[in-house]
Amino acid sequence: MIRLATQDGKSRALFEGRSAVQFTEPDLLVFAREGVLYGQHIDWRAGRVRGGPFAISDSVRYFYSTGTAAFATSAGGTLVFQPGGDVNRPFWFDREGKNLGAAAPSGDYLDLALSRDGRTLLFSRTWPGIGTYDIWSFDLARGVESRLTSNRGSEFSPLWMPGGRTIVHTAQTEGLPQIFLRDLESGSEKLLRPSDGFQIPSGTTPDGKTLIYVERTERSGFTPRRMRLDDDSPSVPLLPAGIHTESVRLSPDGRTLALITDESGAPEAYVMPFPGPGARVRVSNDGAAGMRWSSDGRELFYLAPRTGLMAVAVTTTPMLTVGRPARIVPPEIAGRWRGYEVASDGRRFLAIVPEVNANLLPLSVIVNWPAASPGK
């Protein structure tokens, strides 16, 4: 709701809206709705709108969840706005970084999750107009996609559960984003463990009874935790207090946890026995992000800022050992990936590649637009 506040501390509703608002002389408010940029005349003395809203541009970058809209006005009648958002696309790559072709249509993708058999892709992609994310399922063989969520808030970070009949994902309904369990056949879903933190799922044990996730609260950064899904026992932190990470990955056999922390002064990858006990073993030596396991758990992949996509051999028996990192995809290719997944054969990678960076495009400018606005 867009409201008008007075100097005595009172306010009154003007019109429905979920957007940043700016004022332009003599009596105009500018705001966004459903990705359209609008103007609205105001009768300041009466404290109410005059006439209805009118469209200024049919496209402006907008994010419904926060009401953020990419525009600015001046008292002199100049309006500047960003007319569109980013565009990217999932492409297949081999272990040398050769582009093997697109896997899905262009859009604005946030993340990917391949099914165990490699036939189905889950992804989060923006809803045009309002900018929030929905989760989709994509049949890679037939090229057919199905929308799984359609709330006005964002749903993202899908994660396959064992068996492939259910997924967990983060959803923002009311308040902070929380983790939900969703049945793919019925479409029903339930909130797993309500909390006062921002939750993102990271992995699950092979039996599906334990979920690994990260949570951020007002008191701390993202910290990894585990929760039992077969009872109501409290979740348990996986690292000592004060060590934070947004990136956690459980190996396919459920025996090794890979994570990135900055305890050394820079983000680096580590592995440790799960559920423990055991010490953390450092994997990377030149920075790390975006870890993924091969389907057999014998390789751990991560992105190094200066050296590209790295592969490391990992063994868990008779003890946890880590090999020497080796570069497989150069930084000029892997450095552009927004996110990626590893195919079941371990020979291919599905990566989100930018096609249009909206922040690098020219802004749109309208000069003296109030003079031509309806109602003048």
Side-chain angles (χ1 to χ4, degrees), residues 18-19 32-35 61-69 85-90 103-115 120-140 144-204 208 211-217 222 225 227 229 235 246-249 290 338-341 350 352:
R18 190 184 181 105
S19 167
R33 180 184 291 163
E34 305 290 333
R61 194 169 190 176
Y62 172 67
F63 188 58
Y64 173 83
S65 295
T66 61
T68 303
D86 295 335
V87 178
N88 49 52
R89 192 173 190 179
S106 298
D108 187 1
Y109 294 79
L110 178 64
D111 45 45
L112 308 170
L114 278 168
S115 61
T120 307
L121 175 68
L122 298 177
F123 58 78
S124 304
R125 191 174 62 197
T126 55
W127 184 348
I130 68 173
T132 56
Y133 290 94
D134 287 310
I135 296 174
W136 297 70
S137 172
F138 188 81
D139 186 312
L140 289 166
V144 177
E145 61 183 33
S146 302
R147 189 175 183 168
L148 301 183
T149 66
S150 57
N151 296 322
R152 291 181 70 80
S154 283
E155 293 92 11
F156 53 95
S157 295
L159 176 70
W160 291 96
M161 296 295 289
R165 294 186 177 89
T166 57
I167 65 171
V168 290
H169 65 88
T170 295
Q172 182 186 30
T173 52
E174 297 294 333
L176 291 170
Q178 305 274 282
I179 297 176
F180 287 75
L181 176 69
R182 185 178 186 87
D183 185 290
L184 294 179
E185 294 182 358
S186 67
S188 62
E189 64 180 26
K190 66 176 181 179
L191 177 61
L192 283 182
R193 199 68 55 90
S195 79
D196 60 354
F198 184 150
Q199 303 173 336
I200 303 175
S202 299
T204 180
L211 177 70
I212 308 300
Y213 68 105
V214 294
E215 181 175 86
R216 186 186 68 197
T217 68
F222 277 106
R225 305 181 69 87
M227 72 166 74
L229 299 181
S235 64
E246 295 183 38
S247 185
V248 182
R249 290 282 167 167
R338 183 175 177 179
Y340 73 100
E341 282 286 284
L350 184 59
I352 301 173

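We use all heavy atoms of the structure for the numbers below, so side chains are in, but hydrogens, waters and symmetry mates are not. Residues: numbered from 1 along the sequence shown.
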Would a distance-only check, ignoring hydrogens and angles, find a side-chain to backbone donor-acceptor pair under 3.5 Å from [X] to [Y]?
X: Arg338; Y: Tyr109; answer: yes
X: Thr132; Y: Arg152; answer: yes
X: Asp139; Y: Val144; answer: no
X: Thr149; Y: Ile135; answer: yes

Can you tell if the side chain of [X] reaches within under 4.5 Å of the side chain of [Y], non-hydrogen atoms only?
X: Ser124; Y: Ser157; answer: no
X: Phe123; Y: Ile352; answer: no
X: Leu159; Y: Ser202; answer: no
X: Glu34; Y: Ile130; answer: yes
X: Tyr213; Y: Ser235; answer: yes
X: Leu148; Y: Leu122; answer: yes
X: Met161; Y: Leu229; answer: yes

Which atoms form the tightest heavy-atom contact between [X] and [Y], and what is the distance?
X: Tyr62; Y: Ala32; result: CD1-CB, 3.8 Å
X: Phe138; Y: Pro105; result: CE1-CD, 4.0 Å
X: Thr217; Y: Gly197; result: CG2-CA, 4.0 Å
X: His169; Y: Pro158; result: CB-CA, 4.0 Å
X: Arg89; Y: Ser106; result: CD-OG, 3.4 Å
X: Arg18; Y: Ser65; result: NH2-O, 3.1 Å

Q | Glu215: which of Arg225, Gln199, Gln178 passes side chain to side chain donor-acceptor pair (under 3.5 Å) | A |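 Exactly one option meets the side chain to side chain donor-acceptor pair (under 3.5 Å) with Glu215, and it is Gln199.
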
Looking at residues at least two apart in the chain, or sitting in another chain, which of them share a salt bridge (Lys or Arg N to Asp or Glu O under 4.0 Å) with [X]?
X: Asp86; answer: Arg61
X: Arg216; answer: none
X: Asp183; answer: none

(Q) Using the side chain to side chain contact (heavy atoms under 4.5 Å, CB included) definition, which of the options Leu191, Val168, Leu192, Ile167 pairs with Phe180? (A)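 It is Leu191, the one option of Leu191, Val168, Leu192, Ile167 that forms the side chain to side chain contact (heavy atoms under 4.5 Å, CB included) with Phe180.
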
Q | Asn88 vs Asp108, side chain to side chain contact (heavy atoms under 4.5 Å, CB included): CA-CA, chis, key distance, verdict | A | CA-CA 5 Å; Asn88 49 52; Asp108 187 1; 3.5 Å; yes

(Q) Measuring centre to centre across the rings, with the benzene-like ring taken for any Trp, is Tyr133 within less than 6.0 Å of Phe156? (A)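 When the ring centroids of Tyr133 and Phe156 are compared, they turn out to be at least 6.0 Å apart.
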
Q | For Tyr64, ring-ring contact (aromatic ring centres under 6.0 Å, His included) partners two or more places apart | A |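 For Tyr64 there are no ring-ring contact (aromatic ring centres under 6.0 Å, His included) partners, ignoring immediate neighbours.
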
Q. Got a sec, which residues hit ring-ring contact (aromatic ring centres under 6.0 Å, His included) with Phe222, two or more places apart in sequence or on another chain?
A.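 ring-ring contact (aromatic ring centres under 6.0 Å, His included) list for Phe222, sorted by chain: Phe198.
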
Q. With sequence neighbours left out, which residue pairs that include part of residues 123-138 fulfil the salt bridge (Lys or Arg N to Asp or Glu O under 4.0 Å) condition?
A.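 The answer is Arg125-Glu145, Asp134-Arg147.
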
From [atom1] ([X]) to [atom2] ([Y]), nearest 0.5 Å:
X: Ser146; Y: Leu184; atom1: OG; atom2: CG; answer: 10.5 Å
X: Glu185; Y: Arg182; atom1: CD; atom2: CZ; answer: 12.5 Å
X: Trp127; Y: Asn151; atom1: CH2; atom2: CG; answer: 8.5 Å

